[in-house]
S.K.: 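Supplied in structure tokens, the structure appears directly below.
We're numbering straight along the sequence, starting at 1. Only a predicted model underlies this, so the values are computations on that prediction, with no experimental measurement involved. Just so it is clear, the values below take in all heavy atoms, side chains as well, and ignore hydrogens, waters and symmetry mates.
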Amino acid sequence: MKIIILNGPNLNLLGKREPEIYGSLSFDSFIKDLKRKYSTIDISYFQSNIEGELIDKLQEVGFSYDGIILNAAAYTHTSVGIGDAVKAITTPVIEVHISNTFSRETFRHQSFISPNARGIIIGFGLKSYELALQSFL
């Protein structure tokens, strides 16, 4: 089974950025632990602060992987292009958010990804990614 985790803008700062919201663990540490725990699954990871690079990666893997775990971060609420890319591919996508976006600013309540995602997991910290991974098993 091949699964990719795609992270959007500023998620490269996990562990440093707003630890009261996002926690103090870096994503590199988290992904190493996740890969160890699920060693029979081919888990890859891609992060970009650039919208077009995320769209390119969705198109690249969106017909050959078994699942995509997507945290588009701020692009969730602004990118029609990422939403359209999710709609255009055949690989199922689980939309993930570390924080509960509905307990934050109103603009974070809108998602251009959700209508085309298989499911949404929000508010469970980094555990949200593991829950998404488990949904593909």
S.K.: I'd like to check L11 versus I98 (side-chain heavy atoms, cut-off strictly below 4.5 Å). Are they in contact?
M.R.: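 With C-beta onward as the side chain, the pair touches.
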S.K.: For L54 versus P9, what's the shortest heavy-atom pair and its separation?
M.R.: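 Nearest pair, atom of L54 first, then P9: CD1-CD, 4.5 Å.
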S.K.: How long is the span from the CD1 atom in I31 to the OG atom in S44, to the nearest 0.5 Å?
M.R.: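 So the gap between those two atoms works out to 8.5 Å.
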S.K.: Search all heavy atoms of S29 against all heavy atoms of L25 and return the closest pair with its distance.
M.R.: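 Taking every non-hydrogen atom into account, CB-CD1, 3.6 Å.
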S.K.: Linking I/L/V/M/F/W/Y whenever their side-chain heavy atoms sit closer than 4.5 Å, directly or via other members, would I50 and L58 fall into one cluster?
M.R.: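 No; tracing contacts between hydrophobic side chains, which count when under 4.5 Å, never links both residues.
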S.K.: Using modelled atom types and a 3.5 Å cut-off, is there a donor and acceptor pairing between side-chain atoms of T90 and backbone atoms of F63?
M.R.: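 No: the side chain of T90 does not pair with the backbone of F63.
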S.K.: Testing the basics here: between I69 and L133, what is the closest heavy-atom pair and its distance to 0.1 Å?
M.R.: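 For I69 and L133, the tightest heavy-atom pair comes out as CD1-N, 3.7 Å.
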S.K.: Would you say that L126 contacts L14 through its side chain, given a criterion of any heavy-atom pair below 4.5 Å between the two side chains?
M.R.: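 Yes, close enough: below the 4.5 Å cut-off.
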S.K.: Indicate whether any N or O donor in one side chain lies under 3.5 Å from an N or O acceptor in the other, for E95 and T76.
M.R.: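 T76 and E95 do not have a side-chain donor-acceptor pair below 3.5 Å.
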S.K.: Would you call K37 and E130 a salt bridge, using N to O less than 4.0 angstrom?
M.R.: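 Yes, this pair counts.
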S.K.: Quick one: OG on S26 to CG on N12, what's the gap to the nearest 0.5 Å?
M.R.: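 These two atoms lie 11.0 Å from each other.
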S.K.: Which value, rounded to the nearest 0.5 Å, describes the distance between Y65 atom OH and K57 atom NZ?
M.R.: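 It comes to 6.5 Å.
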S.K.: Within the supplied structure, the quantity of interest is the number of heavy atoms (other residues, nucleotides, ligands) at a distance under 6.0 Å from K35 NZ; does it exceed 12?
M.R.: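 Check passes, neighbour count above 12.
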S.K.: For a 4.5 angstrom cut-off between non-hydrogen side-chain atoms, does M1 reach L137?
M.R.: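 SC-SC contact between M1 and L137 confirmed.
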S.K.: State, to 0.1 Å, how close I113 and A72 come at their nearest heavy-atom pair, and which atoms those are.
M.R.: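 Heavy atoms of I113 and A72 come nearest at CD1-CB, 3.4 Å.
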S.K.: Following the transitive rule for hydrophobic clusters with a side-chain heavy-atom cut-off under 4.5 Å over Ile, Leu, Val, Met, Phe, Trp and Tyr, establish whether Y75 and F112 coincide in one cluster.
M.R.: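 Cluster IDs for Y75 and F112 differ.
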S.K.: What is the distance from atom CD of Q134 to atom CD1 of I121, rounded to the nearest 0.5 Å?
M.R.: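 Taking CD in Q134 and CD1 in I121, the distance rounds to 8.5 Å.
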S.K.: Short question: side chain of N116, backbone of G83 - any donor-acceptor pair under 3.5 Å?
M.R.: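 Indeed, once roles are kept as given, a pair shorter than 3.5 Å links the two residues.
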S.K.: Identify the two heavy atoms, one from F136 and one from P92, that lie closest to each other, and give their separation to 0.1 Å.
M.R.: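 Smallest heavy-atom distance, with atoms named: CZ-O, 3.7 Å.
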S.K.: Can you list every ring-ring contact (aromatic ring centres under 6.0 Å, His included) pair that touches residues 24-55, not counting sequence neighbours?
M.R.: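 Listed once each, the pairs are F27-F30, F27-Y45, F27-Y129, F30-Y129.
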S.K.: Do I82 and V61 land in one hydrophobic cluster if side-chain heavy atoms of ILVMFWY residues count as linked below 4.5 Å?
M.R.: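 Yes; tracing contacts between hydrophobic side chains, which count when under 4.5 Å, links both residues.
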S.K.: With a 4.5 Å cut-off on side-chain heavy atoms, are I94 and L70 touching?
M.R.: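 No; the side chains remain at least 4.5 Å from each other.
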S.K.: Nearest 0.5 angstrom please: R118 CZ to T91 OG1, how far?
M.R.: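 Here the rounded value is 10.0 Å.
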S.K.: Do H77 side-chain atoms and S111 backbone N/O form a donor-acceptor pair below 3.5 Å?
M.R.: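 Here the side-chain-to-backbone pair does not exist.
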S.K.: CD1/I4 to CD1/I68 distance, rounded to the nearest 0.5 angstrom?
M.R.: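 Reported value, rounded in 0.5 Å steps: 7.0 Å.
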S.K.: Charged N to carboxylate O below 4.0 Å: is that the case for D33 and R36?
M.R.: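 Yes.
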S.K.: So which heavy atom on I89 is nearest to which on G62, and how close?
M.R.: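 Distance-wise, the nearest heavy atoms are CB-O, 3.3 Å.
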S.K.: Using the rule that Ile, Leu, Val, Met, Phe, Trp and Tyr join whenever any side-chain heavy atoms are under 4.5 Å apart, tell me whether L34 and F124 fall into a single cluster.
M.R.: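 Both belong to a single hydrophobic cluster.
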S.K.: Any donor-acceptor pair under 3.5 Å linking the side-chain atoms of N49 with those of Q47?
M.R.: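 Yes, N49 and Q47 have a side-chain donor paired with an acceptor closer than 3.5 Å.
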S.K.: Taking V96's backbone N and O only, do any of them form a donor-acceptor pair with S128's side chain (distance below 3.5 Å, no angle check)?
M.R.: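 Looks like no, no N/O pair under 3.5 Å.
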